[in-house]
Amino acid sequence: MVKIDVEFKSGLFPKVGENPLCIAGPCSAETEDQIHRIAAQLAKDKRVGLLRAGIWKPRTRPNAFEGVGEPALQWLVDAGRQNGLPVTTEVANAAHVEQALKAGVDVLWIGARTTVNPFSVQEIADALKGVSIPVMVKNPLNPDVMLWIGALERLAGAGVSELAAIHRGFSPFQKTQYRNIPNWSIPIELKRLCPQIPLIVDPSHICGNRTGIEAVSQKALDLNFSGMMIETHDTPDDAWSDAAQQITPETLSEILTRLVVRLPETADEKNQQQLSQLRQEIDAIDSNLIETLGKRMGVAKEIGEIKKLLGMTILQVNRWDTIFGSRIEDGGKKGLTETFMKKFLQLVHEESIRKQTDVMNTH
Ligand code: PEP
Ligand code: MN
């Protein structure tokens, strides 16, 4: 476990099994009126616990709307106070922190483009020394769990004692159905290494559209996430940033009603027993799988030795092509998807190549 050495306060962020925290509000604060209108609409739904709005907007290219800046801080804080909602905004440097604290912002978050840069995160951490405010850290743009943890550690090191992590997906190299690929194994690894840090999902930035928000939120809840941050606008199509992914407060309420919050454990003894039996079965199967994989790698190594002796290359493309095709077909017959089989076979093949490379390089 990664040791993040602070006494954790539990306040804002729910513990596992409690109702999830819903953070909602526009991508950007655009006008005073806009943020007040949205806050008033959101406050009607008591499941919304925190009002968000971007004041300084990190944009991929210049000359887009880059946020209103400092004047909008007061709009956000006032809109929250008037509607009984604490407020949060993104900070990317020490000056932002200072201005946000001065205006009375209740919670800060660090954006994905900032988490990637340890200099910036350290600057923010230093600006927070001696200040008591919850901070949420979005994952870095690249799928690097240690960089994410590093940012949390820098803040914990500065004495921030209420921390959460926001999963907003990772920049794709190619066009995919997601704006940012969720790559769920990364937040799961964060949870494994830092179980004390609550995880919040940001389905808006993962999806980049409105249609996927509910499914991604449900998936996160089923993985024990503690809440979600969902971009909400009263007229989403007219939004000055991220128009395609924002939903109305009304749609948000409908989604919140449909989402199912499940518990990580059950108290029912009979079900517990059945579950534990099935888990034992899985344990036995996994142990066989590992045994089999070990054997397979042993054989791959022997093949490597023969190839070395005969002066053959490691890769015979035709053989690999045959294996790939036939195994995918076999997998299909057992209900294993093509995507799974491809990933699995590629992993196994890579490891075989690594083994044979070792053999070739040993003199
Ligand atoms: C945002 O929440 O508006 C934002 C800019 O997010 P991210 O840092 O995840 O891109
Ligand atoms: Mn946005």
Side-chain angles (χ1 to χ4, degrees), residues 21-30 34-35 38 42 48 50-62 64-69 72-73 76 87-93 96-97 100 105 107-118 120-121 124 134-145 147-148 151-152 155 164-172 176 178-183 186-187 190 199-210 212-213 216-217 220 225 227-248 252:
L21 170 68
C22 177
I23 306 164
C27 177
S28 310
E30 298 165 0
Q34 171 247 19
I35 186 75
I38 296 171
L42 287 170
V48 174
L50 185 58
L51 175 67
R52 66 149 280 156
I55 304 291
W56 301 278
K57 298 302 300 175
R59 307 310 298 274
T60 303
R61 299 180 64 202
F65 167 62
E66 292 188 302
V68 171
L73 277 172
L76 173 64
V87 302
T88 183
T89 198
E90 173 177 347
V91 289
N93 58 42
H96 293 167
V97 171
V105 171
V107 179
L108 303 176
W109 91 75
I110 295 182
R113 290 160 195 75
T114 307
T115 310
V116 286
N117 185 347
S120 304
V121 176
I124 293 170
V135 182
M136 307 184 286
V137 181
K138 289 203 174 194
N139 61 261
L141 294 169
N142 52 323
D144 181 341
V145 74
L147 198 52
W148 199 0
L152 291 159
L155 292 160
I166 302 180
H167 174 38
R168 49 79 77 198
F170 304 93
S171 282
T176 70
Y178 297 107
R179 178 178 176 193
N180 292 295
I181 299 166
N183 206 339
I186 301 279
L190 180 87
L199 263 172
I200 310 272
V201 70
D202 173 346
S204 309
H205 289 90
I206 288 178
C207 296
N209 61 48
R210 295 170 196 149
I213 287 175
V216 168
S217 303
F225 276 54
M228 46 264 166
M229 180 191 259
I230 300 182
E231 286 190 338
T232 320
H233 196 289
D234 60 334
T235 53
D237 286 335
D238 306 326
W240 297 3
S241 59
D242 287 353
Q245 70 197 29
Q246 301 203 58
I247 57 174
T248 61
L252 175 71

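This structure is a prediction, so every number in the text was calculated from the model and none was measured. Atoms within a ligand are numbered from 1 in the order they appear, just like the ligands themselves. Atoms considered below: every heavy atom in the structure, side chains included; atoms not considered: hydrogens, waters and symmetry mates. Residue numbers count from 1 along this sequence.
- Each of Glu231, His167, Arg168 was evaluated against His205; a single residue qualifies, Glu231, per the side chain to side chain donor-acceptor pair (under 3.5 Å) test.
- For the atom pair CG (Leu42) and OG1 (Thr232), the distance works out to 5.5 Å, reported to the nearest 0.5 Å.
- Residue His205 approaches ligand 1 through these ligand atoms, each under 4.0 Å from one of its heavy atoms: 1 (C), 2 (O), 3 (O), 4 (C), 6 (O).
- Ring orientation note: the planes of Phe65 and Trp240 are nearly perpendicular, at an angle over 60° on the 30°/60° scale.
- In terms of distance to the Mn ion (ligand 2), the nearest N, O or S atom of Glu231 is named OE2.
- Atom 6 (O) of ligand 1 has Lys138 NZ, 2.9 Å as its closest protein atom, hydrogens excluded (heavy atom only).
- Distance from atom 9 (O) of ligand 1 to its nearest protein heavy atom, with residue and atom name: Arg168 NE, 2.6 Å.
- Considering both main-chain and side-chain atoms, Asp202 never comes within under 3.5 Å of ligand 1 through any nitrogen or oxygen pair.
- Under the 3.5 Å distance criterion, with hydrogens and angles disregarded, no donor-acceptor pair is assigned to the side chains of His233 and Asp242.
- Distance alone, capped at 3.5 Å, places no donor-acceptor pair between the Gln245 side chain and the Cys27 backbone.
- Using a 4.0 Å cut-off to heavy atoms of Arg113, the atoms of ligand 1 that qualify are 7 (P), 8 (O), 10 (O).
- Just one residue in the list Asn139, Leu152, Val137 forms a side chain to side chain contact (heavy atoms under 4.5 Å, CB included) with Thr115, and that residue is Val137.
- Remark: ligand 1 atoms within the under-4.0 Å shell around heavy atoms of Gly111 are 8 (O).
- Remark: at the Mn ion (ligand 2), atom SG from Cys27 and atom NE2 from His205 enclose 170°, rounded to the nearest 10 degrees.
- Judged by distance alone, the side chain of Ser28 and the main-chain N or O of Gly54 form no donor-acceptor pair under 3.5 Å.
- Looking from atom 8 (O) of ligand 1 to the surrounding protein, the closest heavy atom is Ala112 N, 2.9 Å.
- Proximity of Met229 to ligand 1, defined as any heavy-atom pair under 4.0 Å, is not found for any part of the residue.
- As for Asp242, its N/O/S atom nearest the Mn ion (ligand 2) is the one called OD2.
- For atom 3 (O) of ligand 1, the nearest non-hydrogen atom from the set Glu90, Lys57, His167 comes from Lys57.
- Here the CD1-CD1 distance, from Ile213 to Ile247, works out to 4.5 Å after rounding to the nearest 0.5 Å.
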